[in-house]
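One structure below.
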Amino acid sequence: MKTLYQKSCLKLSDFTSKEIFYLIKLSKFLKTNKKNKKEKKYIKGKNIALIFEKPSTRTRCAFEVAAYDQGAHTTYIGPNDTHIGYKESIEDSAKVLGTMYDGIQYRGYSDSILTDLKNYSKIPVWNGLTDKFHPTQILADLLTIKETFPEKLLKTIHCAYVGDAQNNIANSLIEAANIINFKLNIISPTSYWPQKQYLSNKYPVYNKNIFYTSNVQEGVKNVDCIYTDVWVSLGENKDIWKKRIKELYPYQVNEKMIDLTNNPNIKILHCLPALHNKKSVIGFKIHNKFNIYNGLEITDNIFNSCINLSFQQSENRLHTIKALLVSCLSKEKILY
Ligand code: CP
Ligand code: NVA
């Protein structure tokens with residue numbers, strides 16, 4: 001395998017399965033070293049630009065802490081802070097950033113901006129979430145699954161995804177299933193199934209290891225884990241909540257769904273943030289407006305139970321993003 005030095009990650013399928021397994025191995029190594037206080041700094045003095053057009057807690061903090069742990073520096077560029085794309089084209093801004101930085105993280109709406117940043121900056125660019133994909137999240141999820149089922153090879157995992165199967169998490173999870181070849185059941189109303197033309201020709205949406213159903217009972221039976229995500233993603237119009245709740249409520253992760261898995265060791269994945277209670281401004285508004293008392297995409301009791309892996313996924317954002325930064329920015333051959 002060639003090293004990942006100077007590689008970008010606009011989507012998960014920019015990597016081969018070998019490269020993904022390598023990133024998971026490197027993440028574990030860096031995680032252990034950090035816990036044992038034996039972390040070596042591989043990217044000392046590197047500079048990383050963090051462009052955020054949409055809000056973030058986990059992704060921003062993971063990039064910042066990973067960079068600092070590894071001796072690199074970051075600049076946070078928020079939606080109203082710079083000329084990028086407003087008074088100056090993405091092309092010109094990318095050329096400027098390319099003269100000052102060693103890598104760029106971009107979170108925003110469009111994948112074409114990512115491509116322009118990469119092409120014109122000539123430095124590695126990493127997708128920290130777009131409308132279409134969220135590859136760094138899925139890297140953390142794969143590490144979490146590997147840690148949770150140490151006796152299983154990733155390709156033998158059987159995962160279900162319930163809810164909005166047209167969003168960035170679903171698209172990146174479908175890419176992961178195709179690259180690694182694990183079984184994935186997509187469970188949602190047919191109108192929420194991914195569009196055929198949406199993903200790459202190399203990894204088509206409709207593939208033999210991906211099973212589509214609108215029937216929850218059929219979809220969750222005997223799976224190892226169930227993944228869910230919010231029903232309205234960042235950047236979507238809030239007027240869509242009524243329709244989404246009506247159509248996706250039957251796909252809520254709740255006790256009934258857990259029973260239907262018939263698996264006493266079932267685990268739940270969620271990228272977070274989750275709308276499982278009223279303790280956030282949006283959670284409060286939506287629960288009250290639509291007379292919901294126990295969570296949107298996941299109930300509060302399942303969220304607070306020990307089968308929920310979402311906080312482990314969150315921690316693993318740090319270690320997997322660190323592995324990405326180290327492997328793309330350091331010439332050193334670590335664990336190859
Ligand atoms: N999961 C995730 O990307 O979280 P943030 O939106 O907080 O970055
Ligand atoms: N689908 C969600 C993921 C958040 C991490 C969104 O785009 O808002």
Side-chain angles (χ1 to χ4, degrees), residues 9-12 27 48 50-67 74 76-79 105-111 113-114 126-145 161-176 186 188 192-195 198-199 226-241 244-245 248 251-253 268-276 279-283 286 296-298 303 308-322 324-325:
C9 172
L10 308 194
K11 56 191 186 306
L12 209 60
S27 307
I48 300 165
L50 303 175
I51 305 174
F52 281 88
E53 287 179 354
K54 291 178 179 177
S56 164
T57 301
R58 280 143 286 269
T59 309
R60 175 178 174 180
C61 297
F63 268 96
E64 291 200 1
V65 175
T74 58
Y76 172 76
I77 302 168
Q105 182 281 164
Y106 171 79
R107 166 174 287 206
Y109 298 88
S110 146
D111 280 66
I113 294 183
L114 270 174
W126 309 289
N127 179 348
L129 180 147
T130 54
D131 290 351
K132 203 166 163 186
F133 292 117
H134 197 4
T136 64
Q137 174 68 49
I138 303 300
L139 285 177
D141 304 335
L142 293 174
L143 173 60
T144 307
I145 292 172
Y161 176 91
V162 290
D164 176 10
Q166 291 184 336
N167 74 12
N168 40 22
I169 292 289
N171 287 333
S172 288
L173 195 61
I174 288 168
E175 285 211 319
I186 298 286
S188 66
Y192 288 82
W193 292 2
Q195 289 144 18
Y198 212 40
L199 300 186
I226 299 175
Y227 201 134
T228 194
D229 185 15
V230 287
W231 293 338
V232 177
S233 284
L234 289 166
E236 289 195 291
N237 193 322
K238 59 180 182 346
D239 296 341
I240 208 162
W241 266 112
R244 292 281 165 89
I245 289 173
L248 295 177
Y251 299 85
Q252 182 191 54
V253 177
I268 301 301
L269 293 142
H270 193 310
C271 55
L272 303 182
L275 290 173
H276 61 97
K279 294 180 187 171
S280 64
V281 172
I282 294 183
I286 302 293
L296 275 298
E297 74 276 6
I298 183 167
F303 186 85
N308 173 19
L309 302 179
S310 59
F311 293 103
Q312 190 179 339
Q313 290 169 263
S314 291
E315 184 197 331
N316 283 338
R317 297 298 307 283
L318 168 63
H319 310 298
T320 42
I321 282 172
K322 192 182 282 177
L324 194 63
L325 295 182

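These numbers were taken from a predicted model, which means no experiment stands behind them. Numbers here are sequence positions counted from 1. Just so you know, ligand 1 is whichever comes first in the structure, and atom 1 is the first atom listed for that ligand.
Nearest protein heavy-atom neighbour of atom 4 (O) of ligand 1: Arg58 NE, 2.8 Å. Of the protein's heavy atoms, Arg107 NH1, 2.9 Å lies nearest to atom 6 (O) of ligand 1.
Against a heavy-atom cut-off of under 4.0 Å, Leu272 is close to the following atoms of ligand 1: 1 (N), 2 (C), 4 (O). The Arg317 neighbourhood of ligand 1 comprises atoms 1 (N), 2 (C), 3 (O), with distances under 4.0 Å to a heavy atom of that residue.
Annotation: Phe52 is not in aromatic contact with Phe63 [ring centroid separation under 6.0 Å not met].
Applying the side chain to side chain donor-acceptor pair (under 3.5 Å) rule to Thr74 yields the partners Tyr68; only residues at least two apart in sequence or on another chain are considered.
Here the side chains of His270 and Val253 are not in contact, with every heavy-atom distance at 4.5 Å or above. When side chains are defined from C-beta on, Thr136 counts as touching Leu324, because their heavy atoms get closer than 4.5 Å. You'll find the side chain of Leu275 reaches within 4.5 Å of the side chain of Ile282, heavy atoms only. With contacts defined as side-chain heavy-atom distances shorter than 4.5 Å, the pair Arg244/Glu236 qualifies.
Inclusion of Leu234 in the set of residues having an N or O under 3.5 Å from an N or O of ligand 1 is not warranted. Taking only nitrogen or oxygen atoms, main chain and side chain alike, Arg60 does not reach within less than 3.5 Å of ligand 1.
There is no side-chain donor-acceptor pair under 3.5 Å between Glu297 and Tyr251.
With a heavy-atom cut-off of 4.0 Å, Gln137 touches ligand 1 through its side chain alone.
Within 4.0 Å of ligand 2, contacts by protein heavy atoms are made from Leu129, His134, Asn167, Asn168, Asp229, Val230, Ser233, Leu234, Cys271, Leu272.
Ligand 1 has no atom lying under 4.0 Å from any heavy atom of Leu129. Using a non-hydrogen distance threshold of 4.0 Å, His134 registers as a contact of ligand 1.
Of all heavy-atom pairs between Gln137 and Cys271, the closest is CD-CB, 3.4 Å. Between Asp164 and Val230, the shortest heavy-atom contact is CB-O, 4.3 Å.
Atom CD1 of Ile245 sits in a crowded spot, with more than 12 heavy atoms from other residues, nucleotides or ligands closer than 6.0 Å.
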